[in-house]
Student: 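What follows is a structure written as structure tokens; I'll ask about it next.
Reminder, nothing fancy here: chain letters follow the sequence lines and each chain counts from 1.
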2 protein chains.
Amino acid sequence: MGNDMVSKGRVTIREVAERAGVSTATASRALSGNHPVPPATRARVLRAARDLDYVANAHARALVGGGRKMAAVVVRQVTSPFYAQVAEGVEAEAADRGWLCVVGATGGDAQREMEFVQLMREEGARLVILVGGVVEDDAYRERVAHYAHALDSSGARLVLCGRPAPDPEIPALVVEFDNEAGARAITAHLLSAGHRRIVFLGGLPGNTALDARVAGYRAALAEHGLPPEAAHVVDCGLGRAAGHRAMTELLKSTREFTAVFAGDDMVAAGALRAIADTGLRVPGDISVVGYNDIPLAEDFNPPLTTVRTPAEELGRAAVRIALRDPEHAAGAHHLLGTHIVVRDSVGAPPPGRAL
Amino acid sequence: MGNDMVSKGRVTIREVAERAGVSTATASRALSGNHPVPPATRARVLRAARDLDYVANAHARALVGGGRKMAAVVVRQVTSPFYAQVAEGVEAEAADRGWLCVVGATGGDAQREMEFVQLMREEGARLVILVGGVVEDDAYRERVAHYAHALDSSGARLVLCGRPAPDPEIPALVVEFDNEAGARAITAHLLSAGHRRIVFLGGLPGNTALDARVAGYRAALAEHGLPPEAAHVVDCGLGRAAGHRAMTELLKSTREFTAVFAGDDMVAAGALRAIADTGLRVPGDISVVGYNDIPLAEDFNPPLTTVRTPAEELGRAAVRIALRDPEHAAGAHHLLGTHIVVRDSVGAPPPGRAL
DNA sequence: AAGGGAAGTTAAAACGTTTACACGACACGG
DNA sequence: CCGTGTCGTGTAAACGTTTTAACTTCCCTT
């Protein structure tokens, strides 16, 4: 056996066909399995391909095939534990079907988001998944409507994870957690522990995910017979730094409270640190709950009681739903359930401040 | 102005050319900027493209251009904070140059790693970055040698982040942190706090990154005049669960120690939890240090003293180095520096057990 | 024995770009 | 006025695959 490996340039299907003594058409069919080919011929072609270390050119394939199995997931940043889990779910579900998955990080910049979607159009992605809450203003609505129509006209699907569709008529589907139910449940948990003065830390008006959590929080309060004034929302937005800053501020204020409901676990992380910095104890002096149950939430100080949103499942669901029912998908709205996970950051309110 | 947008099928460059009254060659030149075109003509083409919402077909482009600007980063899992940061660095550096970045997760499975690299060959990736330590056995060496040659023959570069090249002659370059120096530094930190009985939790023989940390640990001990028997390495591997299990085990054993050096921050997280479970205090009873300084390390209980490995910078460096000096790159070995970040998980050894 | 398929195969035409080559126009120096 | 160079543009040939339509064989039915 001589030197079969061609060192210069890529091996093409033509060379494989030649070596197997068939035409490129037959070789293509044997390799792709798109059309039946007698076992003997097939074996010969496969053998030739192996000998030559043949690698199909995905571009040529996509060019003639008019598209390719590729999904794109767009997040603010991949280092956010929650987004990372969603991306992992998308990647896993895509990989299961032999699809390629590319991830784009926008850093929260609309400009980069647009560029990335444009790139995905050029690349022929058949599925783009935008994940993460966002404040819903006119610019947002216009942007997403543009994506939806542009992608739709190229035969691609758009799914919005945790962010709203600007209009039910738009060719996009949304998959998200039932934020209101989750927030209501964990607020009720705090209430049943005896807390009456609970502050919500991490509001971001216009962000539909956060607004829903706030709504759930208010609803739970109301259900418990508390007056609307019992609700106190600090609109500090998300992120560890924001939580730390806002909590520090809050502790310096005259506001009375015995528990804080953080908009997500990262805010809770910042809040916990701020509380520890002032020498107060959790849950002895203040109880804290978070949202999302990121993987390290049980390593916080103390382990965090929070609501578990199965992020990886969200990612998987997004691609599954988008690919399952192509026609009926557009405009559909899917809600995923959540549940509380109880750890050590909630206790009874301190006696002196029970109300 | 009528209905310019064609609803069926994608707009091709031919239609743009037609509308602008030029040939496809001129249109291509105007759009890609590969060849000078008089401003007037150029403007006309660009206008037509905008009107038609033309989107170039990346596949056709790559097919004739023989490749594309695409980098691939392969990690065990994207939800690991450290890997996520590396991936973010790669993504950022790639995006800065207008490259596309795709990430693959292997779950530690060699089979999936091979499939992914194969896929990247088909897709024409020009840069693939394998990140994360691995035990270096024959299968590994063979696998990586295969990747290196296969990619090299398609004109792509291979970079290994935190894993060894099987052979200096192989066409791959490695970029990693100086694990031995980092481990030596943090061990010295423990020693200067008074600890003499330090156990290393998270060894994984054959894993070069961990072996280097163990070597640094032993070196620091030796430099302090301690006998080789002072070193005690628990080979439990990495991950939060492994750390928790091994620490629990260790606490039940008769082994005397006052400090533990965890192989990475996730192991430390598990260890901290195990210690807390038995009612012991950190750093009062036991001091703990980690490795990597993941974003949430300061939210551990207590905030973790660890060595900071700028993971995002590792990712950026990988693509920068690979793209900078194409010829000289192969076989090169780059070491990135690290430094200690001191928090609250290290204290003096308890008096009764100072040695 | 003729006709009708089925099965296996192939030649050639797509897919949408880029680019090598050629061609004409035009300016300029001789 | 004629070469010579430059500039702008167009024609057509790539790039590597899949697929349509056609063409053989060969077997089976009648």
Student: Assign each of T24(A) and V37(A) to its nearest nucleotide of DNA chain C by heavy atoms, then name whichever residue's nucleotide is nearer the 5' end.
Tutor: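 Between the two, 5'-proximity favours V37(A).
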
Student: Side-chain donor or acceptor of R29(B) under 3.5 Å from a matching atom on the base of dG8(D)?
Tutor: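 Result: no qualifying N/O pair found.
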
Student: What nucleic acid atoms does T12(B) come within less than 4.0 Å of, heavy atoms only: base, sugar-phosphate, or nothing?
Tutor: sugar-phosphate

Student: With a 3.5 Å distance limit and no angle check, can you tell me whether S154(A) reaches the backbone of A150(A) through a side-chain donor-acceptor pair?
Tutor: yes

Student: Roughly how many Å is it from CD1 in I13(B) to C1' in dT18(C), rounded to a whole number?
Tutor: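 Going from CD1 in I13(B) over to C1' in dT18(C) covers 8 Å.
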
Student: Any side-chain donor-acceptor pair under 3.5 Å between T106(B) and E113(B)?
Tutor: no

Student: In whole angstroms, how far is the C1' atom of dT17(D) from the CZ atom of R14(A)?
Tutor: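 Atom-to-atom, R14(A) to dT17(D), this comes out as 9 Å.
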
Student: Using the side-chain heavy atoms of S23(A), tell me which of these nucleotides is nearest: dT18(C), dA14(C), dT10(C).
Tutor: dT10(C)

Student: Whole Å only: how far is the NE2 atom of H35(A) from the C1' atom of dA22(D)?
Tutor: 13 Å

Student: Could you tell me whether V55(B) contacts a base, only the sugar-phosphate backbone, or nothing, with contacts defined as non-hydrogen atoms closer than 4.0 Å?
Tutor: sugar-phosphate

Student: With respect to the side chain of A25(B), which nucleotide from dT17(D), dA12(D), dT18(D) is positioned closest?
Tutor: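 Of all the options, the side chain of A25(B) is nearest to dA12(D).
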
Student: For a quick check of understanding: with a heavy-atom distance under 4.0 Å over all strands, which category does A62(A) fall into, base, sugar-phosphate or nothing?
Tutor: nothing

Student: Can you tell me the distance, in whole Å, between the CZ atom of R42(B) and the C1' atom of dT9(D)?
Tutor: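 These atoms are roughly 16 Å apart.
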
Student: Check whether any side-chain nitrogen or oxygen of T26(B) sits under 4.0 Å from OP1 or OP2 of dG10(D), and answer yes or no.
Tutor: yes

Student: Does R10(B) reach the main-chain N or O of A56(B) with its side chain, forming a donor-acceptor pair under 3.5 Å?
Tutor: yes

Student: Output the rounded distance in Å from CZ (R61(A)) to P (dA14(C)).
Tutor: 22 Å

Student: Quick one: do D96(B) and R316(B) satisfy salt bridge (Lys or Arg N to Asp or Glu O under 4.0 Å)? Show the steps, please.
Tutor: CA-CA 10 Å; D96(B) 283 353; R316(B) 297 196 92 113; 2.6 Å; yes

Student: Let me know the distance between CD of E122(A) and C1' of dC15(C), rounded to the nearest Å.
Tutor: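 The answer, rounded to whole Å, is 17 Å.
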
Student: Verify whether one side chain among E15(B) and Y54(B) offers a donor that lies under 3.5 Å from an acceptor in the other.
Tutor: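 Y54(B) and E15(B) do not have a side-chain donor-acceptor pair below 3.5 Å.
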
Student: For A60(B) and for P39(B), find the nucleotide of DNA chain D with the closest heavy atom, then tell me which residue's nucleotide is more 5'.
Tutor: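 Nearer the 5' end of the strand: P39(B).
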
Student: Whole angstrom is fine here: how far is it from NE2 in H59(A) over to C1' in dA14(D)?
Tutor: 17 Å

Student: Rounded to the Å, how far apart are N57(A) CG and dT17(C) C1'?
Tutor: 13 Å

Student: Taking only the side-chain nitrogens and oxygens of T41(B), find out if one of them lies under 4.0 Å from OP1 or OP2 of dT9(D).
Tutor: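 Checking T41(B) against dT9(D): at least one side-chain N or O falls below 4.0 Å of OP1 or OP2.
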
Student: Regarding V22(B), tell me which of base, sugar-phosphate or nothing describes its non-hydrogen contacts under 4.0 Å with the strands shown.
Tutor: sugar-phosphate

